[in-house]
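Written below as structure tokens is the structure these notes are about.
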Amino acid sequence: MKNKISKDITNSLKKLKLKYNDNFKVEIPNDPEHGDFSSNAALINAKLNKMNPREMAQKMAEALQKKRDYKKVEVAGPGFLNFTMSNSFYHKFLIKIHNAKEEWGSSNYGQKKKILIEFVSANPTGPLNVVSARAAAYGDTMYRIMNFLGYEPFREFYVNDAGNQVDILAESVELRYRELHGDKIDEFPSEAYHGEYVKDLAAKLNAAEGSKLLHYSEKDRLEKMKNFALEELHKMQLESLQKFGVDFENWMSEKKLRQEGILEEALSYLAEAKCTYENDDAVWFCSSKFGDEKDRVLIKSDGNPTYFVPDIAYHLTKYQRGFDTMIDVLGPDHHGYVPRLKAAIQALGLDVNKLEVVYLQHVNLFSGGKQVKMSKRAGKIVTMDEVIDEVGKDAARYFFIDRRPSSHLNFDLELAKSASNENPVYYIQYAHARISSIRKKAKKAKINLKNFDTKLLRKLTLNEETELIKKMIEFPNILQGIANAREPHRLATYTHELAGMFHKYYSKYPIINEKNPELSKARLYLILTLQTVIRIALKLMGISAPDKM
RNA sequence: GCGCCAAUAGCUCAGCUGGAUAGAGCAACGGAUUUCUAAUCCGUAGGUCAGGGGUUCGAAUCCCUUUUGGCGUGCCA
């Protein structure tokens, strides 16, 4: 839409033999008085032609006026061009949207670019928490939108199933298991995992294996416990995510990377590039050469790799798999670590620009206005499951993507529960449900769109009707903007606005009026198209679109 | 100390990457229901866009600076 107008503007400039650069913009003005679209083309290019912006705009307006699609083209303010489209233009567009059905907004915009979206990637040492829930909603919505726009997105979860933290997990299970067999644990170590789920894991293991494990060597026993706990926790996380409507194409295991020797591969590449050195019995990476604030340890003096090495290896595999863009969705506590990761990628001779990092800010959980303090070690966490169970999948998904990724998210559980009727997600779903019941009424009144004559759309002359069509025309652009900026919250805002426009229209004008079947048909055509757009938007957000509420 | 993110209505947040008189929802107050669902709608009130400077036709948006808050700054992950 905007593209079409841009093209017309460019053509008019060529015709008038004016100099221009095409970084001008075509926008939808806030104030309807300023027309349906406006452009700053004359403002930007006036200097180039040594003209007064208004004078230049005037010439352009006269040239553009000749086109049939424009009802009028006006010059306003310091030299804006304001376009008002003709009604018939909008009606043509409405037909286009209607015929596109569930595909409106879909395109090959992404040109099949392969996009890896890595998100959640929570440690397999406990149930998923609310931060993971935010990441899950974010990553999955991005995936759905990019998929819809003709990218080839790929969802991946990186499982840190090796290293220190899983050893601690095994020891934590061991202690709880011993408790079940009568051992008194005076003081549960502070670094161990304290959550109730550890006790559950021990009990489940005990039910399966009994006291048998006590006769294993300590090493074998811990290994057994580690594998058991990892498997169980993975199942738990998988279940939570599925309940949330989030799937992954791949779960990448750190353990597997280690077994396949990718760590060594990455290390050897770094050594070949002469980016490693030994100091104090440890192996270091010269990340400061690539802009990191200091060098980092790769191999600790005890001979074990730091967590950094598997991360380098993991990113190496991302590059080896040939993605055009790789997006890491990280929590805010990881931003200090990205410079060293990017340094490693540069040292490996890879294109660092293909890696993009999105930081999601914290989720502050409130209960009745009071902040809930969460601590994994102390076992005080609010899990993703608890949130979903309390507020429902639909509301939870909406809440978690409703905000800009870079802003903190305050989530009040009590409020989300008690005020669920004022919840924006219900407002949107209600619009969808209302249209379904209008459809029912239309059926009873024998008003339908069989053999619909599109000439009837001429009956749609209300301002509200034009505004609704305009809003739907915007939809594909909204989606493209979301894909470019990686900001799915714009879809939540858009859909909320669209639903609001419908509610206002609905309460002001009757859709079905048996005395005026022609107008009724035209309006039915409009709102059924609208309903489809709402349904597409909800689907992209992973939210259900009910016919009844 | 250094680095990252933020600061917009009483509260929670948008503001389409520089456009015209800064917008929603909640909360407050006043109204609308013999009607296609009132989970809705209409109206009133609410602002020094944290402060100061700069860039230009034009700034909530970009740059500098000050203030405030969150996070990071391990041979933890």
Side-chain angles (χ1 to χ4, degrees), chain A residues 25 27-31 33-34 38-40 43-44 46-47 52-53 76-80 82 123 125 160 163-166 168 191 254 279-284 293-294 296-302 304-308 310-311 331-339 359 361-362 364 369 402-412 415 419-427 429-431 433-442 444-445 474 477-478 480-482 484-485 487 489-490 492-494 496-497 500 502-513 520 523-524 527 548-549:
Chain A
K25 280 177 35 174
E27 291 182 315
I28 297 169
N30 296 325
D31 187 343
E33 291 283 306
H34 299 137
S38 77
S39 175
N40 60 354
L43 285 168
I44 297 248
K47 228 178 219 174
N52 164 321
F80 286 102
N82 290 342
N123 277 336
T125 53
N160 296 106
N164 231 339
Q165 79 283 4
V166 284
I168 294 171
E191 72 274 13
E254 178 184 343
N279 190 23
D280 294 337
D281 296 326
V283 179
W284 294 71
E293 51 188 29
K294 59 179 183 179
R296 309 288 174 174
V297 171
L298 293 167
I299 308 290
K300 295 185 268 186
S301 50
D302 68 3
N304 286 315
T306 61
Y307 71 95
F308 184 31
D311 261 4
D333 47 338
H334 284 83
H335 65 246
Y337 130 102
V338 170
Y359 301 103
Q361 292 297 315
H362 270 295
N364 296 319
D402 186 38
R403 285 177 177 91
R404 222 163 68 237
S406 57
S407 76
H408 292 237
L409 186 135
N410 288 340
F411 195 114
D412 194 317
L415 200 74
S420 64
N421 283 356
E422 286 101 46
N423 201 311
V425 72
Y426 292 105
Y427 183 83
Q429 289 178 317
Y430 186 44
R434 267 185 159 173
I435 295 172
S436 288
S437 58
I438 295 171
R439 188 207 303 261
K440 266 183 224 154
K441 185 181 171 182
K444 267 189 201 160
E474 247 187 283
N477 285 325
I478 296 284
Q480 289 167 15
I482 292 168
N484 291 334
E487 290 189 345
H489 74 279
R490 294 183 196 176
T493 309
Y494 170 85
H496 191 244
E497 284 167 0
F502 166 73
H503 285 306
K504 287 176 177 62
Y505 177 59
Y506 169 95
S507 56
K508 210 165 159 187
Y509 306 101
I511 310 297
I512 304 302
N513 179 356
S520 299
R523 287 184 173 170
L524 185 65
I527 63 155
K548 224 201 299 194
M549 286 177 79

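Values below: all heavy atoms of this structure, side chains included; hydrogens, waters and symmetry mates excluded.
A:Lys300 pairs by the side-chain hydrogen bond (donor to acceptor under 3.5 Å, both in side chains) definition with nothing, not counting sequence neighbours. Every residue two or more places apart in sequence or in another chain that forms a side-chain contact (heavy atoms from CB on, under 4.5 Å) with A:Ser436 is listed here: A:His432, A:Gln531, A:Asp547. In this view, A:Tyr494 satisfies the side-chain hydrogen bond (donor to acceptor under 3.5 Å, both in side chains) rule with no residue, not counting sequence neighbours. In this view, A:His496 and A:Tyr427 satisfy the ring pair (Phe, Tyr, Trp, His ring centres under 6.0 Å) rule, not counting sequence neighbours. Partners of A:His335 according to the ring pair (Phe, Tyr, Trp, His ring centres under 6.0 Å) rule, which considers only residues two or more places apart in sequence or in another chain, do not exist here. With sequence neighbours left out, the ring pair (Phe, Tyr, Trp, His ring centres under 6.0 Å) criterion links A:Tyr509 to A:Tyr505. A:Gln480 is linked by a side-chain hydrogen bond (donor to acceptor under 3.5 Å, both in side chains) to nothing, counting only residues two or more places apart in sequence or in another chain. Among residues two or more places apart in sequence or in another chain, the side-chain hydrogen bond (donor to acceptor under 3.5 Å, both in side chains) test is passed with A:Asn484 by A:Tyr109. A:Phe308 is linked by a ring pair (Phe, Tyr, Trp, His ring centres under 6.0 Å) to nothing, counting only residues two or more places apart in sequence or in another chain.
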I'd like a list of close polar pairs between nucleotides 42-46 of chain B and the protein, N/O only, cut-off under 3.5 Å.
none

Identify the pairs formed between an N or O of the protein and an N or O of nucleotides 54-61 of chain B at a distance under 3.5 Å, and give each distance.
| from | atom 1 | to | atom 2 | distance (Å) |
| --- | --- | --- | --- | --- |
| B:C57 | OP1 | A:Lys47 | NZ | 2.8 |

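Judged by ring centres under 5.5 Å apart and planes tilted less than 30 degrees, A:His34 stacks against the six-membered base ring of B:A20.
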Each nucleotide in nucleotides 11-18 of chain B should get exactly one letter: B, S or -. Can you fill that in based on protein heavy atoms under 4.0 Å?
-SSSSBB-
